[in-house]
Structures are given as C-alpha cells and as structure tokens.
Amino acid sequence: MKNWEKNIRKVVPYVPGEQPKKARMIKLNTNENPYPPAPGVAETLKCIDTDKLRLYPDPVVGDLVQAIADFYQVGSNQVFVGVGSDDVLAMIFMTFFNSDKPILFPDITYSFYDVWADMLRIPYEKVPLDEQFRIQSKDYARPNGGVIFPNPNAPTGELMELAQIEDIIKANPDVIVVVDEAYIDFGGMSALPLVEKYDNVIVVQTFSKSRSMAGSRIGYAISSPALIRYLNDVKYSFNSYTMDSITIALGTAAIRDRAYFEETRDKIIKTREWTKEQLAELGFVFGDSKSNFIFAMHPKVSGEKLFEVLKEQDIYVRHFSKPARINEYLRITIGTDEQMQELIDFLRSYLSA
Ligand SMILES: *Cc1c(COP(=O)(O)O)cnc(C)c1O
C-alpha cells in the first residue's frame, strides 16, 4: 500500500437504477414519470437566449424559489433549491447531522442515506420496519443526532399519517427531523403544516417524479427561515452556482402549471389502482402503495427470476437483492395505461405457462 492511500476518502457509492439505451422498451425501473413535462417547459426552452449562457446563473435561484414559494404559499425565505433532491439531501446531511449520536432512518429505505452518512462520517443506526414494512413512530423515541425518512417510504410505498410523523417530531425536539417527500404527490398528506408548527422540521420534495423532470435535476427543501439560512450558508461554502440558468427557467415554467401537474398525477394514481387490481388477480402480494410504484412479490416465482424474465421482454423493473427481507420483491414504476397493460399481459401468460 502506498503511503498516500491511507488519506484517501474511500466510499462505496450509491448505485442508481439502470438507464438502458433501447429504442423500444418499457422502463419501469427508476420511478420516472411516463408523461412529458408541462407544455410551458418546451415553450420556455424554445425561447432560451443562448447569448445569456455567457453569464453565471442566479446563485440564489430567485425565480424558481419564488415560484415554489407561491405554489405552496410559504415565504421565499423558507425555500432552498438544489440540483435534484439528492443534492438537497446531501446538503442537509452536511449541515444538520453533526452530532456524536447516531442519526436514525429505517433499515429498508432510500439507499442513498447510508451512503451520505458513510461519506460524511456521520454515525447512524438503521431502525427496522415492522412486519408489514411500516415505520413505527415509537421506535424513533430514543437518543439520536437527527432523523430522516421518506414518506411514502421507498421502496415499499407505505404512507405514514401526519399524526404518526408528528409523534416522531414531538419525541425529537432537540434534533432536525427530515421528511423526504419524493412521492407525496401520489396520494399522501404533506408534512408542510408541521413545518409551520415546529422549528426543527424540513420537508424535501423533487421535480423528478410527479413533475416529470428527472432529467433537469431539481429538488427543494421547505423549512423555517432559520434552517434555510443555515442550509444556504453551507451550499455557498461548497459551490454557489449549482443550478444552471436553463434549468431555473424550465423549472419555473413547470411549477407554474398547476392544472397539468394535477391532471398527470391523477392519471398515474388511476393507473396505479388499476395495476393493483390486476396484480392481485395474478396472485401478487403487495402493500397499499401511495407512490408512483408498487412493491410486489409473487409467492410462486422468485424476485430475481421475475426480474430476469421481464428484462428479456425489455420490460425493466427494479430488484434489490439486499437486504434479504426484500429480495423476493420487485419495485414496479407506474407507466402509462398501455405500458401497464403490456406488463400485465406478459405476466399473465408467463404465470399460466
Ligand atoms: C427519487 C428519490 C430521491 C431523489 O430524487 P432526485 O431525482 O435527486 O430529486 C430522493 N429520495 C427518494 C426517497 C427518492 O425516491
């Protein structure tokens, strides 16, 4: 071993879902939205003045911050914008999780949390989900350096009621509690009212799923002005110009179109409920997902096998081989009605063969 080796920050990186380059495939593996972004996004893109690219973008991302603040009826000093919610969450870990005590998050959850904690050398403890893959509030009432969980949780799709979230917040007045709401628009109640009620709560959301803009990388946090200020201080100490000027314009156009957002969201919810009925008929077992995916297993075929046979049909879903408890499950993103029909047709013929 070379001497410099010992001073390298060695990390085990997060592994994102595959992005296969196939002309014809059904891509249900990374929870993207099957519908295009709001029409205003394409119009804005056509009008981009490329001469403006000479200039640095607005470091405070003012237009987009204001548009998000308008949408949620909060102050613009309560909004922090980042390059995808992954960026927002990484900044939150860096800013708020600096205790000697471990931060807490579920054992089965978004697999980026332990990666950031490891990279930033934040101690953590994984809190087991119950038998039904649910988060139990009482498990978070113990000494810790911060709490984070998605609602609905990923990859299970299980939604917590606001009262349960409030119980976690009440039990943790001395640390920051982060609610990762990447999927909240697909049928859950946002914890935003709790941001007004408690000074230690941060809600994080993204344009990647319900707003069809995973490719643009836009995420945001809403919290008290004090916490948003701390977050901005760290961001500006790291890289002040993270979001480019084109993305700022496109994101602003997207969030201003509430009607389109609601229409595509409702379509996905309807397709999800249809897919649940079909999967149940085929003998699949799954919880009552309130997200844009269904986490399902079949008692007769292994998760790995199903993943492979679907892939042979160019139908991509997500399979997690670890931890063992979820190894029989597939996470199936909700696509268009036609895509889900094809998936169901194939599964029906495969399972009856
Ligand atoms: C998709 C996802 C994110 C990250 O989304 P971005 O594309 O970075 O905005 C964060 N948390 C959870 C739970 C997710 O599923």
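Remember, predicted model here, so these are calculated numbers, not experimental data. One-based numbering, in listed order, for ligands and for the atoms of each.
With respect to the salt-bridge test (charged N to carboxylate O, under 4.0 angstrom), the residues K27 and E18 do not qualify.
Using a 4.0 Å cut-off to heavy atoms of R217, the atoms of ligand 1 that qualify are 6 (P), 7 (O), 8 (O). Here is the list of ligand 1 atoms found below 4.0 Å of a heavy atom in K209: 1 (C), 2 (C), 3 (C), 4 (C), 5 (O), 14 (C), 15 (O). The G84 neighbourhood of ligand 1 comprises atoms 8 (O), 9 (O), with distances under 4.0 Å to a heavy atom of that residue. If you number the atoms of ligand 1 from 1 as listed, the ones under 4.0 Å from a heavy atom of Y183 come out as 1 (C), 14 (C), 15 (O).
Applying the side-chain hydrogen bond (donor to acceptor under 3.5 Å, both in side chains) test to residues at least two apart or on different chains, the pairs with a partner in residues 315-324 are K22-Y316.
Residue contacts with ligand 1: N31 is excluded, as none of its non-hydrogen atoms falls under 4.0 Å. Under a 4.0 Å heavy-atom criterion, S208 is in contact with ligand 1. Heavy atoms of F207 stay at 4.0 angstrom or farther from ligand 1.
I92 and A221 get closest at one heavy-atom pair: CD1-CB, 4.4 Å.
For the residues I218, D180, I148, the heavy atom positioned nearest atom 13 (C) of ligand 1 is part of D180. In this structure, of F149, F112, Y110, the residue bringing a heavy atom nearest to atom 10 (C) of ligand 1 is Y110.
If you look at A182 next to ligand 1, the close heavy atoms, those under 4.0 Å, all belong to the side chain.
Within 6.0 Å of atom CD in E308, more than 12 heavy atoms from other residues, nucleotides or ligands are found, so the atom counts as buried in its surroundings. When the shell of 6.0 Å around OH of Y72 is examined, it contains more than 12 heavy atoms from other residues, nucleotides or ligands.
With Y110 as reference, Y14 is the one residue of Y14, Y183, F105 to meet the ring pair (Phe, Tyr, Trp, His ring centres under 6.0 Å) rule.
F71 carries R211 over the face of its six-membered ring, with the cationic atom under 6.0 Å from the centre and within 45° of the normal.
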